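To start, the structure under review is shown below, and the notes come after it.
Because the structure is a prediction, the values reported are computed rather than measured.
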Amino acid sequence: VQLQASGGGLVQAGGSLRLSCAASGTISNTMGWYRQAPGEQREVVAVISSGGKPTYADSVKGRFTIDRDNAKNTVFLQMNIVKPEDTAIYYCYAMNIYAHQYWGRGTQVTVSS
């Protein structure tokens, strides 16, 4: 099972970034994104069910949108109006129909002020 994330990078505050993550080798049920800032614990950003129901952390509601393409087993995170506090390593997450959990290697997102 592999989760391949892409789309991270450097962006100015107020700008936008789109992350994507393709899962291979498994059928994904819940998919989502977590992030970990330096010195902080990993925290959930957004998750989405196989039926398309999203759940967001309060800190990103109204700014980030998660969606998925089930045919391609891919999840996306559209990040708008980014803030310096969004700077972190973003990890793709997937849980398959057997409740096995998988993580991608992470992609760095840096927001400059």
Of all the heavy-atom pairs spanning [X] and [Y], show the shortest one and how long it is.
X     : Y     : answer
Gln78 : Ser16 : NE2-CB, 3.9 Å
Gly32 : Ile66 : CA-CD1, 3.8 Å
Tyr34 : Arg42 : CB-CG, 3.8 Å
Val82 : Val11 : CG2-CG1, 3.7 Å
Ala46 : Leu77 : CB-CD1, 4.3 Å
Asn70 : Ser50 : ND2-O, 3.1 Å

Exercise for the section: Sequence neighbours left out, what pairs pass disulfide bond (SG atoms under 2.5 Å apart) with at least one residue falling in residues 42-113? Expected result: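 Listed by first then second residue: Cys21-Cys92.
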Handout entry: CD (Gln2) with more than 12 external heavy atoms under 6.0 Å
Key =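 Not buried by this count: 12 neighbours or fewer within 6.0 Å.
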Practice task
Answer yes or no: are there more than 12 heavy-atom neighbours, outside Gln4 itself, under 6.0 Å from its atom CD?
Solution key: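 No, because the 6.0 Å sphere around CD of Gln4 holds 12 heavy atoms or fewer from other groups.
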Partners passing side chain to side chain contact (heavy atoms under 4.5 Å, CB included) against [X] (at least two apart in sequence or in another chain):
X     : result
Ser6  : Ser20
Gln12 : Ser112
Ser59 : Arg35, Ala57
Ala23 : Leu3, Ser28, Met31, Asn73

Which residues share a salt bridge (charged side-chain N to carboxylate O under 4.0 Å, His left out) with [X], sequence neighbours left out:
X     : answer
Lys61 : Asp58
Arg18 : Asp67
Asp69 : none

Handout entry: Single-linkage hydrophobic cluster, 4.5 Å side-chain cutoff, Val47 and Met79 together
Key =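 In one cluster with Val47: Met79, no.
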Exercise for the section: Examine Ile48 and Val45 and state if one hydrophobic cluster contains both, with Ile, Leu, Val, Met, Phe, Trp and Tyr joined whenever side-chain heavy atoms are less than 4.5 Å apart. Expected result: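 Same cluster: Ile48 reaches Val45 through Ile, Leu, Val, Met, Phe, Trp or Tyr contacts under 4.5 Å.
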Handout entry: Contacts of type ring pair (Phe, Tyr, Trp, His ring centres under 6.0 Å), residue Tyr90, not counting sequence neighbours
Key =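 Scan of Tyr90 (ring pair (Phe, Tyr, Trp, His ring centres under 6.0 Å), adjacent residues dropped) gives none.
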Problem - Partners passing ring pair (Phe, Tyr, Trp, His ring centres under 6.0 Å) against Tyr91 (at least two apart in sequence or in another chain) - result: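 Applying ring pair (Phe, Tyr, Trp, His ring centres under 6.0 Å) to Tyr91 gives none.
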Exercise for the section: Would you list the pairs meeting ring pair (Phe, Tyr, Trp, His ring centres under 6.0 Å) in which at least one residue belongs to residues 48-74, sequence neighbours left out? Expected result: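 Matches after skipping sequence neighbours: none remain.
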Problem - Residue pair Arg63 / Asp86, side-chain heavy-atom distance below 4.5 Å - result: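 Yes. Closest side-chain heavy atoms under 4.5 Å.
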Considering only distance and modelled atom types, tabulate donor-acceptor pairs under 3.5 Å from the side chains of residues 98-105, sequence neighbours left out.
residue, atom, partner, partner atom, Å
Gln101, OE1, Tyr93, OH, 3.2

Handout entry: Expected output: side-chain Thr87 to main-chain Val111 donor-acceptor under 3.5 Å
Key =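 Yes; at least one donor-acceptor contact below 3.5 Å.
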